[in-house]
Amino acid sequence: MQLVLEKPDVYKLSHVNQDNLWKKLIADLFEDFLLFFLPDLHAEVDFSTSFSGCPNTR
């Protein structure tokens, strides 16, 4: 058996921007999500146009 010592400060949330990770995940997988879970809605959405986001959110 091998003992591995980890540095707990590596896992502090201040090092990771959780909000941006979720936004990227949603943006990257949104079309696939709709196709799998809501195929009728997916057929109605025009994915050929880009979306830059809401102007009042950051």
CG-NZ distance between Asp28 and Lys23, expressed to the nearest 0.5 angstrom: 14.0 Å

With heavy-atom distances below 4.5 Å as the criterion, would you say the side chains of Leu25 and Leu29 are in contact? yes

Who passes ring pair (Phe, Tyr, Trp, His ring centres under 6.0 Å) against Phe36, sequence neighbours left out? none

By ring pair (Phe, Tyr, Trp, His ring centres under 6.0 Å) - contacts of Phe30 (at least two apart): none

Does any part of the side chain of Leu34, heavy atoms only, come nearer than 4.5 Å to the side chain of Phe47, both counted from C-beta? yes

Return the CG to CG distance between Leu35 and Asp40, rounded to the nearest 0.5 Å. 11.0 Å

